[in-house]
Trainee: 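Below: one structure in C-alpha cells.
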Amino acid sequence: MTSSFSLRSAALATVSALFAERTIAGAPADKCPTRFAWEDAQLTDQVISSTDPLLFGFGYPVDTAASASENGGPELPNCKAMPGDASWPSPETWALFNSTLGGALIETVPIAAPCYNNWPQRDAAACEYVTEHWGDPRMHVEDPTSAMFPLYQGRTCLPTDDPDGSNCTLGGYAAYSVAATNVSQIQLALNFARNTNLRLVVRNTGHDFNDRSIGAGALSVWTHKLRDIQFLPDYNCRGYSGPAFKLGSGIMTEELYAAAEENNVTVVGGECRTVGIAGGYIAGGGHSPMSALLGMGADQVLSLEVVLPNGRFVTANEDTNPDLYWALRGAGGSTYGVVTSVTIRAYPKIPNTLMTYSYTTSPNVTTDTFFASLGVYMSYFDRITAAGAYGYFIVVSIGPDQYLFSMMPLWGANMTKPQLTELATPLLNDLAGLGIAITPNVTEYPSMFSAFNGAFPAAEQVGAYDNHAASRIFPKESFEPDRLNDTLAAVRHAVEGGGVLVGYNIRAAPNPAVNQTNSVHPAWRRTTGFFILGASWPANATDAQIQQASETLTNDWMARWRAVSPGGGSYASEGDINEPDFQQSFYGDHYPRLLELKKKYDPTGLFYAPTAVGSEYWYITDQLPWIPTQNGRLCRKK
Ligand SMILES: Cc1cc2nc3c(=O)[nH]c(=O)nc-3n(C[C@H](O)[C@H](O)[C@H](O)COP(=O)(O)OP(=O)(O)OC[C@H]3O[C@@H](n4cnc5c(N)ncnc54)[C@H](O)[C@@H]3O)c2cc1C
Ligand SMILES: *[C@@H]1O[C@H](CO)[C@@H](O)[C@H](O)[C@H]1NC(C)=O
Ligand SMILES: *[C@@H]1O[C@H](CO)[C@@H](O)[C@H](O)[C@H]1NC(C)=O
Ligand SMILES: *[C@@H]1O[C@H](CO)[C@@H](O)[C@H](O)[C@H]1NC(C)=O
Ligand SMILES: *[C@@H]1O[C@H](CO)[C@@H](O)[C@H](O)[C@H]1NC(C)=O
Ligand SMILES: *[C@@H]1O[C@H](CO)[C@@H](O)[C@H](O)[C@H]1NC(C)=O
Ligand SMILES: *[C@@H]1O[C@H](CO)[C@@H](O)[C@H](O)[C@H]1NC(C)=O
Ligand SMILES: *[C@@H]1O[C@H](CO)[C@@H](O)[C@H](O)[C@H]1NC(C)=O
Ligand SMILES: *[C@@H]1O[C@H](CO)[C@@H](O)[C@H](O)[C@H]1NC(C)=O
Ligand SMILES: *[C@@H]1O[C@H](CO)[C@@H](O)[C@H](O)[C@H]1NC(C)=O
Ligand SMILES: *[C@@H]1O[C@H](CO)[C@@H](O)[C@H](O)[C@H]1NC(C)=O
C-alpha cells in the first residue's frame, strides 16, 4: 500500500466521521440562532408614513415585482442619477434622509484629500500618514469609501507630495455612505436609492480586485460596523447539530480566526487577514487553506439574513427562500441584496503542519529544468489535495532568464509533521532527481490560527496601480499526463513574458457534512489548481502602456490558459475585469438560473457591479478600452 493511499484513506475516514455528525431522526428540539439585536431594529410602516413614503417606501413584493413592471408599472429610467442632475435629491432631502437614518450619512471625502490644496481637509501630516499607509489594507478598511485597487477608481486622488500638481476629485468613489449599525438603516438606504433612482453600491472592506464596492454618484451601504460575532457551541437546527458561528457581515478573517482559536474550533476562511468573511468572501465562493479538507467558504453556510432590493428583510436557508440560499453562496456580492449576517459551521480543533521552501534557476538549474520542476509539482496536484493538503506558491522572473519558485506554504490541514513529510517526500525526491535539492522548513502548529499566524503574519499589501490580475480555475485533467505538457507550456509562456503567477494547489473537497448545492462556480468542484496571473507596468506608465499590458494579459497569456483548460473557469472575486464572456467564465453553467433569480429579486436593477450577474444589461459612460473605471454614469443598454 502506498503512502499516498493511506493518506487518502485517512481523508475519507474524516469525511465519514463528519457525515455521522449530521443528526437525522429523533434530534432534540431545534436551537436555531436568533437575530442580532440590531437585526431586530427594522424599518416600520409607521416610520415610513411619518416621513415621506415616496422616498422611503418599500418596493413591490418579490413575486409580483417583475410582472408589475412588465404590465404597465412605472417605466424605469435609462440612467442612474448623478450630482448636478435635476432629479438629484436636494440638500433638504439628503438632510431628511440623514435624520431618518439617525445621523449615519457620510458625505465622501477621498482618503487622500489631505494631500491636495483643492480640499479643505488639506493637512500635510495627514497626507504623510495616508502616503505611508497606502499599501496597508487596514487604513482603507476603516475609511467608508476607499477601494484598494485605484486603477478602477480612476486614479483621481492618489497620494502626492505636490498639493498643487493636480486636483483631487471623487472619481469612482461613491457620493455618500450610510455607516449602517442596524437593519433599518440598510432598508432606508435601499428604499431611498430605488425610489430616487440613485446608483447603489455595497462597501465592506474594499478588497475587491475590481473595486466592485464603489461607483460615481452612488449611495454606498457601508457594512464594516456590523461586527458582532457569536459562538454557538450547541447549534442544533435544520439537521446539523454542533458548533457554529453567527457573523455580522463586517467581520474580517482574522477576527473570525481569533474567535475560533478562543473556542477551540476550526473554521473555513481565506488567507488575507482583513478580507470580509460574510461580505464578498462567502458571497463569491471563498477558497481557503482548509478547502482541500472541508470545501469552500460558501459551503459552510447554514443560514443568512439579507435585505432584499425591495427593502424587505428576510432569512435564507434550506427551508426559507431556498433559491436565495443557493444564490447567495457563490454567485458574488452586490447582486441579490445586502447580507447582514451569516451563520457558518465550525469543526473541532485540528493540528496543521506547514512546509515552506524555495529555489531559483542557477548554474545547476537551467530554465528548462526549472519549468520541468513546475511540471513535476503539477503532476502531484491531485495526490496532495486528495490528502486534504493545499499549496500556495509563487513563480516569478527575477532577472534575465532567472526564475524563482517559492512555496509559502504547503499546508497540511489536520496533519502532523510526519504525515505532511510523508506526503511531500516523493515530490521532493523527484525535484532532487532534477538536481534541485531542497531542505524544507516543516513546522507543526496546534491549531488553525497559530498556523495562519505562522504563514501570514502580516496583512497582504494593497493599493498598487502598476499591475492587474486575471485568474483561472483549471480542471484537474489539465494536470494529467496527456495534457500536462500543454498546460505547462501555457504557464511558462506567461511567466517568461513577465507575468507573476500566484498559484494555489487546491480542491473544493466533497463534504457531506454541509450543503454544497450552491452557486459556487462548478469549476471549483473539478479543480486541483487555481492560478492568479498578474501583468505589471512601470509606475509612470501611460494609459496606452497599461492598455497594452492588459490586452496581453487577457488576449495572449490568459487566452492560452483558457485553451488548455476546457471545462474550467475563472474566480470572479479574484478576476479580470476585462474577462471575455464573463458569464461563462465567472459563473459557468449556473448563469441562466442566476440571471433568472436576479430578475426575480432585483427587477428594477438596484444592484449593479461590474461582471456581476445581470451587469451585461448596463454600461458606464466615458470609458477607455481595457481600463474600465467606476467614474462614469451608470446606464441601461437599450
Ligand atoms: C490581498 C487579498 C487576498 C485575498 N485572499 C483571498 C483568499 O484567500 N480566498 C478568497 O476566496 N478570496 C481572497 N481574496 C478575494 C476576496 O475574497 C474578495 O476580494 C472579496 O470580495 C472581498 O470581500 P470584502 O467584503 O472584504 O470586500 P468588498 O470589496 O468591500 O466587497 C466585495 C464585493 O462584495 C460586495 N459586498 C460586500 N459586503 C456585502 C454584503 N454584506 N452584502 C452584499 N454584498 C456585499 C461588495 O459590493 C463588492 O461587490 C483576496 C483579496 C485580496 C485583496
Ligand atoms: C482530523 O483527523 C482525525 C483523525 O486523525 C479525524 O478524527 C478528524 O475528524 C479530522 N478532523 C477534521 C476537521 O477533518
Ligand atoms: C438604527 O440606528 C440609528 C442610529 O443609531 C437609530 O437612530 C435608529 O433609531 C435605529 N433604528 C431602529 C429601528 O432602532
Ligand atoms: C448626518 O448627521 C450627523 C449627525 O447630525 C452629522 O454629524 C453628519 O455630518 C450628517 N451627514 C451629512 C452628510 O450631512
Ligand atoms: C484645480 O482647480 C482649480 C479650480 O477649478 C483650477 O483653477 C486649477 O487650475 C486646477 N489645478 C490643476 C492643477 O488642475
Ligand atoms: C480550549 O482548550 C484549552 C486547552 O485544552 C482549555 O484550557 C480551554 O478551557 C478551552 N476553551 C474553551 C472555550 O473550551
Ligand atoms: C441544500 O440546500 C438546497 C436549497 O438551496 C436544497 O434544495 C438541497 O436539498 C440541500 N441539499 C442537501 C444535501 O441538503
Ligand atoms: C552543481 O553541480 C555540481 C556538479 O554536479 C556540484 O558539484 C555542485 O555542488 C552543484 N551546486 C549546487 C549549488 O547544487
Ligand atoms: C521555520 O519556520 C518557522 C515559522 O515561520 C520559523 O519560526 C523558523 O525560524 C523557521 N526555521 C528555519 C530553520 O528557518
Ligand atoms: C511531455 O514532455 C516530456 C519532457 O519534454 C516528454 O518526455 C513527454 O513525452 C511529454 N509527454 C507528452 C504526453 O507529450
Ligand atoms: C518612466 O520612467 C523611466 C525611467 O525612470 C523612463 O525611462 C521612461 O521614459 C518614463 N516613461 C514615461 C512614459 O514617462
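These numbers come from a predicted model, not from an experiment. Order of listing sets the numbers, starting from 1, for every ligand and every atom in it. Note: hydrogens, waters and symmetry copies are ignored here, and every other heavy atom, side chains too, is used. Along the sequence shown, residues are numbered consecutively beginning with 1.
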Trainee: Any atoms of ligand 9 less than 4.0 Å from a non-hydrogen atom of Tyr445? List them with their elements.
Mentor: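 Going through ligand 9 atom by atom, the ones under 4.0 Å from Tyr445 are 4 (C).
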Trainee: Are side-chain heavy atoms of Asp40 and Arg35 found at a separation under 4.5 Å?
Mentor: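 Yes, side chains in contact.
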Trainee: Relative to the heavy atoms of Gly286, which atoms of ligand 1 are at a distance of less than 4.0 Å?
Mentor: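 The atoms of ligand 1 under 4.0 Å from a heavy atom of Gly286 are 11 (O).
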Trainee: Counting from 1, what ligand 1 atoms have a heavy atom of Ser249 closer than 4.0 Å?
Mentor: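 Numbered from 1, ligand 1 contributes 41 (N).
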Trainee: Is the closest heavy-atom distance from Ala283 to ligand 1 below 4.0 Å?
Mentor: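 Contact absent.
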Trainee: Which of the numbered atoms in ligand 1 are under 4.0 angstrom from any heavy atom belonging to Ser573?
Mentor: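 Contacts of ligand 1 toward Ser573, numbered from 1: 15 (C), 18 (C), 19 (O), 21 (O).
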Trainee: Considering only protein heavy atoms, which is closest to atom 38 (N) of ligand 1, and at what distance to one decimal place?
Mentor: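 Of every protein heavy atom, Gly279 CA, 3.4 Å lies nearest to atom 38 (N) of ligand 1.
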Trainee: Extract all N/O-N/O pairs under 3.5 Å that connect ligand 4 to the protein, and present each with both atom names and the distance rounded to 0.1 Å.
Mentor:
residue	atom	partner	partner atom	Å
ligand 4	2 (O)	Asn98	OD1	3.3
ligand 4	2 (O)	Asn98	ND2	2.4
ligand 4	11 (N)	Asn98	ND2	2.8
ligand 4	11 (N)	Leu105	O	2.8

Trainee: Could you tell me if the ring centre of Tyr465 sits under 6.0 Å from that of Phe149?
Mentor: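 They do not qualify: ring centres at least 6.0 Å apart.
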Trainee: Quick check: does Val462 get an N/O under 3.5 Å from an N/O on ligand 1?
Mentor: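 No, there is no polar N/O contact under 3.5 Å.
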Trainee: Tell me which protein heavy atom sits closest to atom 20 (C) of ligand 1, plus the residue, atom name and distance to 0.1 Å.
Mentor: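 Nearest protein contact, heavy atoms only, for atom 20 (C) of ligand 1 is Gly280 C, 3.6 Å.
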Trainee: Determine whether any heavy atom of Tyr336 lies closer than 4.0 Å to an atom of ligand 1.
Mentor: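 Checking ligand 1 against Tyr336, which is what was asked, there is no heavy-atom contact under 4.0 Å.
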Trainee: Could you go step by step and tell me if His521 and Phe586 meet the ring-ring contact (aromatic ring centres under 6.0 Å, His included) rule?
Mentor: CA-CA 7 Å; His521 195 311; Phe586 290 144; 8.4 Å; no
Trainee: How are the rings of Phe192 and Phe97 set to each other: parallel, tilted or perpendicular (split at 30° and 60°)?
Mentor: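 Parallel.
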Trainee: Check for a donor-acceptor pair, side chain of Asp602 on one end and backbone N or O of Phe607 on the other, with a separation under 3.5 Å.
Mentor: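 Yes, the answer is positive, given that a donor and an acceptor are paired below the 3.5 Å cut-off.
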Trainee: Counting from 1, what ligand 9 atoms have a heavy atom of Asn441 closer than 4.0 Å?
Mentor: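 Heavy-atom distances to Asn441 below 4.0 Å select 1 (C), 2 (O), 3 (C), 8 (C), 10 (C), 11 (N), 12 (C), 14 (O).
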Trainee: If you look at every heavy atom in Ser303 and Asn317, which pair is closest and at what distance?
Mentor: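 Looks like OG-ND2, 3.3 Å.
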Trainee: Could you tell me how the ring of Phe449 sits relative to the ring of Phe452: parallel (under 30°), tilted (30 to 60°) or perpendicular (over 60°)?
Mentor: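 Aromatic pair Phe449/Phe452 classed parallel.
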Trainee: Measuring only between side-chain heavy atoms, which start at C-beta, is Ser615 closer than 4.5 Å to Tyr608?
Mentor: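 Heavy-atom side-chain distance check passes, below 4.5 Å.
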Trainee: Using a 3.5 Å cut-off and no angle test, enumerate the donor-acceptor pairs between side-chain atoms of residues 269-277 and protein atoms at least two apart in sequence or in another chain.
Mentor:
residue	atom	partner	partner atom	Å
Glu271	OE2	Tyr504	OH	2.5
Arg273	NE	Glu254	OE1	2.8
Arg273	NH1	Asn453	OD1	3.3
Arg273	NH1	Phe456	O	2.6
Arg273	NH2	Asn453	OD1	2.9
Thr274	OG1	His207	NE2	3.0

Trainee: Looking at atom 26 (O) of ligand 1, what's its closest protein heavy atom, distance included?
Mentor: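 So the nearest neighbour among protein heavy atoms is Thr205 OG1, 2.5 Å.
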Trainee: Quick check: do Asn352 and Glu444 have side-chain heavy atoms less than 4.5 Å from each other?
Mentor: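 No - every pair of side-chain heavy atoms lies 4.5 Å or more apart.
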Trainee: Does the side chain of Glu579 come under 3.5 Å of the side chain of Ser585 through a donor N or O and an acceptor N or O?
Mentor: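 Distance-only check passes for Glu579 and Ser585.
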Trainee: So which atom in Leu198 and which in Ala81 form the shortest heavy-atom distance, rounded to 0.1 Å?
Mentor: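 In terms of heavy atoms, the two residues are closest at CD2-CB, 4.3 Å.
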Trainee: State, with a plain yes or no, whether a side-chain heavy atom of Ile214 is found less than 4.5 Å away from one of Arg203.
Mentor: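 Ile214 does not reach Arg203 side chain to side chain.
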Trainee: Please state which protein non-hydrogen atom is closest to atom 13 (C) of ligand 1 and give its distance, to 0.1 Å?
Mentor: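 Closest protein heavy atom to atom 13 (C) of ligand 1: Glu574 OE2, 3.2 Å.
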Trainee: Less than 6.0 angstrom separating the ring centers of Trp94 and Tyr176, yes or no?
Mentor: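 That pair passes the under 6.0 Å test.
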Trainee: Using a 4.0 Å cut-off to any heavy atom of Thr443, which atoms of ligand 9 qualify?
Mentor: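 So the answer, numbered in order with elements, is 1 (C), 2 (O), 3 (C).
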Trainee: Just go through Tyr571, Phe149, Phe209, Tyr392 and tell me whose heavy atom is the nearest to atom 52 (C) of ligand 1.
Mentor: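 Considering heavy atoms of Tyr571, Phe149, Phe209, Tyr392, the nearest to atom 52 (C) of ligand 1 sits in Phe209.
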Trainee: Looking only at heavy atoms of Val338, does any of them come nearer than 4.0 Å to an atom of ligand 1?
Mentor: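 True for this residue.
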Trainee: Taking the ring centre of each residue, are Phe531 and Phe474 less than 6.0 Å apart?
Mentor: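 When the ring centroids of Phe531 and Phe474 are compared, they turn out to be within the sub-6.0 Å range.
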Trainee: Of the listed options (Thr611, Asp208, Val307, Leu226), which comes nearest to atom 19 (O) of ligand 1 when hydrogens are ignored and any heavy atom counts?
Mentor: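 Minimum heavy-atom distance to atom 19 (O) of ligand 1 goes to Asp208.
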Trainee: Can you list the ligand 1 atoms lying under 4.0 Å from a non-hydrogen atom of Gly206?
Mentor: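 Counting from 1, the qualifying ligand atoms are 27 (O), 28 (P), 29 (O), 30 (O).
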Trainee: Indicate yes or no: does Arg525 engage Asp299 in a salt bridge with an N to O separation below 4.0 Å.
Mentor: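 Salt bridge between Arg525 and Asp299, a charged N being under 4.0 Å from a carboxylate O: yes.
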Trainee: What protein heavy atom lies closest to atom 41 (N) of ligand 1? Include the residue and the distance to one decimal.
Mentor: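 Answer for atom 41 (N) of ligand 1: Val339 O, 2.8 Å.
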Trainee: Name the closest protein heavy atom to atom 44 (N) of ligand 1, giving the residue it belongs to and the distance to 0.1 Å.
Mentor: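 Result for atom 44 (N) of ligand 1: Ser334 N, 3.0 Å.
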Trainee: Need the ligand 1 atom indices (1-based, order shown) with element for anything under 4.0 Å from a heavy-atom of Arg212.
Mentor: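 Those of ligand 1 that fall under 4.0 Å from Arg212 are 47 (O), 48 (C), 49 (O).
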Trainee: Looking only at protein heavy atoms, identify the closest one to atom 46 (C) of ligand 1 and say how far it is in Å.
Mentor: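 Residue, atom and distance for the closest contact: Val202 O, 3.1 Å.
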Trainee: Looking only at protein heavy atoms, identify the closest one to atom 43 (C) of ligand 1 and say how far it is in Å.
Mentor: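 So the nearest neighbour among protein heavy atoms is Gly337 O, 3.2 Å.
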Trainee: What part of Glu271, side chain from CB on, backbone N/CA/C/O, both or neither, has a heavy atom under 4.0 Å from ligand 1?
Mentor: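 Both of them.
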Trainee: Would you check whether Thr274 has a nitrogen or oxygen atom less than 3.5 angstrom from a nitrogen or oxygen atom of ligand 1?
Mentor: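 No: no nitrogen or oxygen of Thr274 is under 3.5 Å from one in ligand 1.
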Trainee: Taking only heavy atoms of Cys272, which atoms of ligand 1 are found under 4.0 Å from at least one of them?
Mentor: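 Taking each heavy atom of Cys272 in turn, ligand 1 has 1 (C), 2 (C), 3 (C), 4 (C), 5 (N) under 4.0 Å.
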